[in-house]
There are 2 protein chains.
Amino acid sequence: MSETIEQPLYGTVLLKAKQLIDVIAKSSEPLTLKQISDQVPISKPTVLKILRTLIYCGFIRENAARKTYDLGTIFLEYGQRVAASFDIKASTRPFLEQLRDETNETVNLGIVEDHRIVLLDKLESPRSVKLVSRIGGTMNMYSSAMGKAILASYEPQDLQTYLAHTSLKALTPNTITDPEQLQLNLKTIQKKGYAIDNIENQPDIFCVGFDLIKHHHVYGAFSISAPEYRVNEQVFKGFIKYGLQTRQAILASLS
Amino acid sequence: MSETIEQPLYGTVLLKAKQLIDVIAKSSEPLTLKQISDQVPISKPTVLKILRTLIYCGFIRENAARKTYDLGTIFLEYGQRVAASFDIKASTRPFLEQLRDETNETVNLGIVEDHRIVLLDKLESPRSVKLVSRIGGTMNMYSSAMGKAILASYEPQDLQTYLAHTSLKALTPNTITDPEQLQLNLKTIQKKGYAIDNIENQPDIFCVGFDLIKHHHVYGAFSISAPEYRVNEQVFKGFIKYGLQTRQAILASLS
DNA sequence: GAATAATATTTCTTATATGGAAATATTATA
DNA sequence: TATAATATTTCCATATAAGAAATATTATTC
């Protein structure tokens, strides 16, 4: 129950730099100096000076001809290293590929960071509709299948802490926003061994999630996701069957 | 021939932060405060303060229990955005997958940035030996098949500029380190339509590279790479045949 | 389990980097 | 060619940063 006291953060330039990087990252197009400085409470000269250093560092890529700025390839490079640092990705790959082939739907791998699910790997089926999910992107524990699968394993104490620090905001009409109801749902998940996201996290998408927990160590979770219209009783049963098999196989393979 | 005059860079904290990120990125293991501060000319308190801000920004991930620091998942997330921003990746994917299947070897896609090749995509064959290459990693123009394929298209003027600013360092015994010889090699590449890296860029690896240039616009290049022992006359001819076909197909598909 | 060593963290003060208004240069547009 | 819009540079009052030293917290040794 540690109250986080507001500490003044060091490194004003760093914080400003992060703002600039975020603005540029959020844009799908390269931006000009004006476009950037208009979106942040920083004067144009300062923005320019920071951008130059960011370019020098490789965080930002400059198109000198068009005078526009875009994210640098260092994110690509270091992103690969981050992915590689989670060896759960490498060790689950073959299992999840098989699951993808068995279900013909998209299979996701997530880890927990800061009480959120970070999408670490995604195996798309050839016929998959493009989902609104990106490797490295994050989602709520309470609204996603992977998150709920893991939440279900929390000690009552930890779950209370999580709930106390989290407001259950609705992402779709189906999102569970009542803590009581969520706890009931988690009980069911414990019993059944899998979690269902019944269009609770993003429109039209139905997921089944499975935790990857062994000896009280949370390795992460995986899920099968499909557009709701493709999931009927038959298909759903397949998800459960192959998902549980996969979970068992992965856990057995983890030292 | 613009001489770059040494400009003092703005943002000392930013430059220090980059050093810390690099130190952490270069390490395969999470590092402690001491391990980090020992590798940079910055005092421990300052390192700590910068790390905290980096953690706040998401660039660094802290393991509070072990008091260690590692790269943050923001690199994963933004790395995906960088990759997505190069639509050459999406538009060449199917062609390069086919090429991978035809040759049964690893196929690489690169772009040019700052007179270096940046590896943007890599399609590994099931039987591929793990190569020393990472998405986001860079290589020389002069020693790589993709780089030479592009260099061969340079105007004499631009080539001279490149050579004037680049020292041809040997990466293997086969690397071409003589500018005259390199220029001869580039002439051959122009004539044949493909570039060969005969173990010039990394030990044991043989590559054939093809430019992706249309209407004087350099989209990038792709290459087929294989351990040298697997490449005989027959196999090599296949690389050329399928590679040239793939190049033509990609260029035709590019608007 | 106490003593010691090693590392992490906080405090505080001077020197330094910073921010942005205003001036100027450079493009784009009419 | 004139005008508007954006990019870039200059400069200095002021906020920020750096690190020595003190302190706290771990880890290690006996």
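Chain letters run A, B, ... following the sequence lines, proteins first, then strands; residues in each count from 1. We use all heavy atoms of the structure for the numbers below, so side chains are in, but hydrogens, waters and symmetry mates are not.
- Using a 4.0 Å cut-off, some side-chain N or O of R52(B) falls inside it from OP1 or OP2 of dT10(C).
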Atom pairs, N/O to N/O, protein against nucleotides 4-7 of chain D, distance under 3.5 Å?
unit_1, atom_1, unit_2, atom_2, d
dA7(D), OP1, L33(A), N, 3.4
dA7(D), OP2, K34(A), N, 2.9

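- Atoms CG (L15(B)) and C1' (dT16(C)) sit 15 Å apart, rounded to a whole Å.
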Strictly under 3.5 Å: I want the nitrogen or oxygen pairs between protein and nucleotides 19-23 of chain D, one per line.
unit_1, atom_1, unit_2, atom_2, d
dG19(D), OP2, S43(B), N, 3.4
dG19(D), OP2, S43(B), OG, 3.4
dG19(D), O6, K49(B), NZ, 3.0

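- Residue pairs satisfying the salt bridge (charged side-chain N to carboxylate O under 4.0 Å, His left out) criterion with at least one member in residues 211-221 of chain B, sequence neighbours excluded, are listed as follows: D211(B)-R247(B).
- Around atom CD of Q248(A), no more than 12 heavy atoms belonging to other residues, nucleotides or ligands sit under 6.0 Å away.
- The side chain of T12(A) contributes no N or O atom lying less than 4.0 Å from OP1 or OP2 of dA15(D).
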Please tabulate, one pair per line, all N/O donor-acceptor pairs under 3.5 Å involving side-chain atoms of residues 143-150 of chain A, not counting sequence neighbours.
unit_1, atom_1, unit_2, atom_2, d
S143(A), OG, N140(A), ND2, 3.4
S143(A), OG, N201(A), OD1, 2.6
S144(A), OG, N140(A), O, 2.7
S144(A), OG, G147(A), N, 3.1
K148(A), NZ, N185(A), OD1, 2.7
K148(A), NZ, I196(A), O, 2.8
K148(A), NZ, E200(A), OE1, 2.7
K148(A), NZ, E200(A), OE2, 3.3

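- By the ring-ring contact (aromatic ring centres under 6.0 Å, His included) test, H217(B) is found to be paired with Y219(B), residues two or more places apart in sequence or in another chain being considered.
- In this structure K34(B) satisfies the salt bridge (Lys or Arg N to Asp or Glu O under 4.0 Å) test together with D38(B), sequence neighbours excluded.
- Within the structure, ring pair (Phe, Tyr, Trp, His ring centres under 6.0 Å) contacts touching residues 17-53 of chain A (residues at least two apart or in different chains) do not occur.
- Sorted pairs that involve residues 151-166 of chain B and meet salt bridge (charged side-chain N to carboxylate O under 4.0 Å, His left out), not counting sequence neighbours, are lacking altogether.
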Distance-only donor-acceptor hits, side chain of residues 73-82 of chain B, under 3.5 Å, sequence neighbours excluded:
unit_1, atom_1, unit_2, atom_2, d
T73(B), OG1, E113(A), OE2, 3.3
E77(B), OE2, R81(B), NH2, 3.2
Y78(B), OH, D22(A), OD1, 2.4
Y78(B), OH, K26(A), NZ, 3.2
R81(B), NH1, A25(A), O, 3.1

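- Protein atom CG of N63(A) is 14 Å distant from nucleotide atom P of dT27(C), rounded to whole Å.
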